[in-house]
S.K.: 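Encoded as structure tokens, here's the structure I'll be asking about.
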Amino acid sequence: MHNRIMITGAGSGLGREMALRWAREGWRLALSDISDGGLQETLSAVREAGGEGFIQRCDVRDYSQLTALAQACEQKFGGIDIVVNNAGVASGGFFGELSLEDWDWQIAINLMGVVKGCKAFLPLLEQSKGKIINIASMAALMQGPAMSNYNVAKAGVVALSESLLVELRQQEIDVHVVCPSFFQTNLLDSFRGPTPAMKAQVGRLLESSPITASDIAGYIFDQVGKCEFMILPHEQGRMAWQIKQQTPQLIYDEMATMADKMRAKVKAR
Ligand SMILES: NC(=O)c1ccc[n+]([C@@H]2O[C@H](COP(=O)([O-])OP(=O)(O)OC[C@H]3O[C@@H](n4cnc5c(N)ncnc54)[C@H](O)[C@@H]3O)[C@@H](O)[C@H]2O)c1
């Protein structure tokens, strides 16, 4: 029976909502995060929804913590069927202002955290012929202004997912990559960037979402069921991606205009 799922960053936002969505279908959950309090809250909510599972602290920057989590899944569940690499942090700032430390921090969590998650769980996924769901972002496809380190990390997640889709087909491991636009979660809490004004702008973008983390979790559940590789939960995102593929210059021009406006706003503060 295929009903064992592991989620990183499950203590908040999308990770928590995905836990609840799969719990409602009777899946057993391995929930990990760096926030013990967040994990406890998610587990309580999962239990209220009739689900069951265990929590384990895991920083996705540390490969040994991910292999320990894989071992725990083997011991407690006898394996794993879906691995969700969801843990992530927010960042912003124009390229000239971002420090190399900002880059290292962003890449270590949002990109290498996913690489390490895939690698640590690959042996278990080979056994179960399971699935990988990597959470990227529309930032990976659109390269919005003043978030180059985030854009690059997330584009890396898409490239990794495409590479795995191709390489793992023979092992019958399915791969999915999710590219949401902005939606309201606690993502701003982790924001790192050179200017507070930029943080405020990201906050406004998160608030502007027409759909919730719960809607997105439901959409992902349905699209994984339909074996869709690239999952774009926002309708506007799907439209923008179509335009980008057909006439990329249109999107570059729009992004450049947006960059000018952002610079003007930041200067005016
Ligand atoms: N919210 C958005 O607008 C948005 C848009 C596109 C993509 N995403 C992506 O969705 C994913 C989930 O983010 P969210 O919006 O639910 O944010 P969130 O902050 O509510 O949840 C992220 C969780 O990841 C955990 N985390 C942070 N660093 C970690 C680490 N090193 N190891 C393990 N866990 C860690 C946090 O403790 C938190 O519980 C992220 O990958 C994010 O980049 C979010």
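Counting starts at 1 for both ligands and their atoms, following the listed order. Along the sequence shown, residues are numbered consecutively beginning with 1.
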S.K.: What is the closest protein heavy atom to atom 43 (O) of ligand 1, and at what distance does it sit?
M.R.: Tyr150 OH, 2.8 Å

S.K.: So for Gly38, does at least one of its heavy atoms come nearer than 4.0 angstrom to any atom of ligand 1?
M.R.: no

S.K.: Compare all side-chain heavy atoms of Val60 with those of Ile109 and state whether any distance is below 4.5 angstrom.
M.R.: yes

S.K.: Looking at atom 5 (C) of ligand 1, what's its closest protein heavy atom, distance included?
M.R.: Ser181 O, 3.3 Å

S.K.: Check Arg57 with Asp33, please: is the shortest side-chain N to carboxylate O separation under 4.0 Å?
M.R.: no

S.K.: Looking only at heavy atoms of Thr8, does any of them come nearer than 4.0 Å to an atom of ligand 1?
M.R.: no

S.K.: What residue and heavy atom of the protein are closest to atom 12 (C) of ligand 1, and at what distance?
M.R.: Asn86 OD1, 3.1 Å

S.K.: Looking just at side-chain N and O atoms, do Gln249 and Asp253 make a donor-acceptor pair shorter than 3.5 Å?
M.R.: yes

S.K.: In the protein, what heavy atom is nearest to atom 39 (O) of ligand 1, and what distance, to one decimal place, separates them?
M.R.: Asp33 OD2, 2.6 Å

S.K.: Do the non-hydrogen side-chain atoms of Met138 and His234 ever get within less than 4.5 Å of each other?
M.R.: no

S.K.: May I ask you to identify the nearest protein heavy atom to atom 33 (C) of ligand 1, giving residue, atom name and distance to one decimal place in Å?
M.R.: Cys58 O, 3.2 Å

S.K.: side-chain contact (heavy atoms from CB on, under 4.5 Å) with Phe121: which of Val83, Ile82, Thr67?
M.R.: Val83

